[in-house]
Asks: 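Quick one: the structure is below, and I'll ask about it shortly.
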Amino acid sequence: MTPTGPSLPLLVSTPADLREATAGLLDSARSRMAADDRPSLALVPTMGGLHAGHAALAQAARTANDVVVASVFVNPLQFGDRADLDRYPRTLDEDLLLLGAQGVDMVFAPGVGDMYPGGEPLVRVSAGPMGEVLEGASRPGHFDGMLTVVAKLLNLAQPATRADYRAYFGQKDAQQLALIRRMVVDLNMPVRIEGVPIVRDADGLALSSRNRFLAGHERSAALVLSRVLAALRDRAERGEPLDLVAARAQVAAEEGVDLDYLAVVEPDTFSPIGEPRAVGPTGSAGAEPPAALAVVAARVGAVRLIDNSLLPPPH
């Protein structure tokens with residue numbers, strides 16, 4: 001274990017140190033409680049390159065929990081393109097400052113050998129049909145790699161003693177969040193998954209670690225994504241047809257923007273709206289969804305961006 005400065009979280013890099021430090025933090029929290037109370041542990045998994053959106057995750061975790069652990073690990077299983085993996089920002093020193101400012105107690109920053117000591121895992125979590133559409137169709141294998149590392153992180157950080165356990169993920173990665181929630185239910189993992197709302201810049205662009213790679217004119221072009229989502233939300237609020245054909249044409253017409261998909265889906269299953277509803281993690285077959293989700297992905301220059309917006313229920 002590597003103790004750091006007074007404003008920084010404790011930094012650990014091995015699973016053994018993570019478990020030992022987590023147990024110590026929980027014991028300390030428990031010592032300040034009544035005998036019948038139980039402490040809570042929050043895990044905030046990240047791949048680093050942190051920004052205000054990640055700060056919002058840490059803030060939400062800090063507000064509701066006694067112990068907060070964040071992870072920083074660039075997971076190679078999630079990248080189909082080696083160049084994209086190499087390009088992903090690695091800013092651990094800055095990440096520690098950001099997380100420390102939010103009151104995070106500990107950061108788990110393992111190397112690839114710590115997470116995959118036997119090399120690439122032979123057994124992985126499969127995202128199944130829910131992970132084969134939209135992002136899954138555009139990035140084959142991405143969600144299998146994501147779920148595999150999230151399952152490992154959830155297992156590694158799981159409290160060994162009596163404690164509530166929560167994990168925090170951003171709603172910008174909506175399909176990822178839906179898949180993690182489904183995995184936790186389907187695999188009976190003893191953790192509660194909390195979604196945190198999208199954080200946007202003043203101009204409406206959803207915060208992303210990849211935004212730093214946008215040139216000035218590309219950033220301006222990227223705003224078409226949030227504009228189209230806002231227009232769809234306005235139409236839904238007025239009870240008007242969404243007209244996805246026109247919305248897709250608007251994105252495609254923006255110079256420098258290459259649209260991948262723009263769709264409206266059920267938030268918990270990612271089934272296209274209009275298809276029979278599958279059994280969701282908190283619902284039952286045939287139940288009406290509380291809202292629909294508009295999701296969009298596009299490449300702006302060399303940068304791939306995603307965004308989404310909840311739409312009100314149909315009238």
Asks: Start with the C-alpha distance between Leu293 and Glu266, add both sets of side-chain angles, then the distance that settles side-chain contact (heavy atoms from CB on, under 4.5 Å), and finish with yes or no.
Replies: CA-CA 6 Å; Leu293 187 70; Glu266 294 180 343; over 6 Å; no

Asks: Does anything in residues 25-59 pair up under ring pair (Phe, Tyr, Trp, His ring centres under 6.0 Å), and if so which pairs, sequence neighbours excluded?
Replies: His51-His54

Asks: Salt-bridge test for Asp144 and Arg139: reply yes if a basic N is under 4.0 Å from a carboxylate O, no otherwise.
Replies: no

Asks: Quick one, Leu207 with Asp201, criterion side-chain contact (heavy atoms from CB on, under 4.5 Å). Give me CA distance, side-chain angles, the key distance, then yes/no.
Replies: CA-CA 7 Å; Leu207 296 190; Asp201 274 329; 3.3 Å; yes

Asks: Should the heavy atoms of other residues, nucleotides or ligands under 6.0 Å from CZ of Arg162 be counted, would the total exceed 12?
Replies: yes

Asks: Count I, L, V, M, F, W, Y as connected when their side-chain heavy atoms are under 4.5 Å apart, and connections chain through other members. Are Val104 and Met47 then in the same cluster?
Replies: no

Asks: Any salt bridge between Asp243 and Arg235, counting N to O under 4.0 Å?
Replies: no

Asks: Quick check: closest heavy atoms across Val191 and Ala167, and the distance to 0.1 Å?
Replies: CG2-N, 3.8 Å

Asks: With the 4.5 Å side-chain cut-off for hydrophobic clustering, are Leu179 and Val133 part of the same group?
Replies: no

Asks: Output yes when a side-chain donor or acceptor of Arg304 lies under 3.5 Å from a complementary backbone atom of Val300, and no otherwise.
Replies: no

Asks: Below 4.0 angstrom, N of the basic side chain to O of the carboxylate: do Glu218 and Arg299 qualify?
Replies: no

Asks: Taking side-chain contact (heavy atoms from CB on, under 4.5 Å) as the criterion, tell me which of Leu10, Leu41, Thr22, Leu25 meets it with Asp105.
Replies: Leu25

Asks: Taking atom types as modelled, find out whether Asp114 and Thr14 have a side-chain donor-acceptor pair closer than 3.5 angstrom.
Replies: no

Asks: Is a donor from one side chain sitting under 3.5 angstrom from an acceptor on the other, for Asn65 and Tyr168?
Replies: yes

Asks: Can you give me the closest heavy-atom contact between Ala56 and Val199, atom names plus distance?
Replies: CB-CG2, 3.7 Å

Asks: Are Glu194 and Arg181 within salt-bridge range, i.e. N to O under 4.0 Å?
Replies: no

Asks: Is Leu153 reachable from Met146 through a run of hydrophobic residues whose side-chain heavy atoms are each under 4.5 Å from the next?
Replies: yes

Asks: side-chain contact (heavy atoms from CB on, under 4.5 Å) between Val149 and Val125: does it pass, once the steps are laid out?
Replies: CA-CA 9 Å; Val149 79; Val125 178; over 6 Å; no

Asks: For atom CZ of Arg192, is the number of surrounding heavy atoms from other residues, nucleotides or ligands below 6.0 Å larger than 12?
Replies: no

Asks: What about Leu310 and Ile180, same hydrophobic cluster or not, with Ile/Leu/Val/Met/Phe/Trp/Tyr joined at side-chain heavy-atom distances under 4.5 Å?
Replies: no

Asks: Answer with yes or no whether the hydrophobic clustering places Leu98 together with Leu11; edges join I, L, V, M, F, W, Y residues whose side-chain heavy atoms lie under 4.5 Å apart.
Replies: yes

Asks: List the residues meeting side chain to side chain donor-acceptor pair (under 3.5 Å) with Arg30, not counting sequence neighbours, and say none if there are none.
Replies: Asp27, Thr161

Asks: Return yes if a side-chain donor-acceptor contact under 3.5 Å exists between Asn211 and Arg219, otherwise no.
Replies: no

Asks: Can a donor-acceptor pair be found between the side chains of Tyr88 and Asn75 at a distance below 3.5 Å?
Replies: no

Asks: For Glu135 and Ser138, test the side chains for any donor-to-acceptor distance below 3.5 angstrom and give the result as yes or no.
Replies: no

Asks: Check step by step if side-chain contact (heavy atoms from CB on, under 4.5 Å) holds for Val264 and Leu244.
Replies: CA-CA 9 Å; Val264 176; Leu244 289 178; 3.9 Å; yes

Asks: Taking side chain as C-beta onward, heavy atoms only, is Phe73 less than 4.5 Å from Thr46?
Replies: no

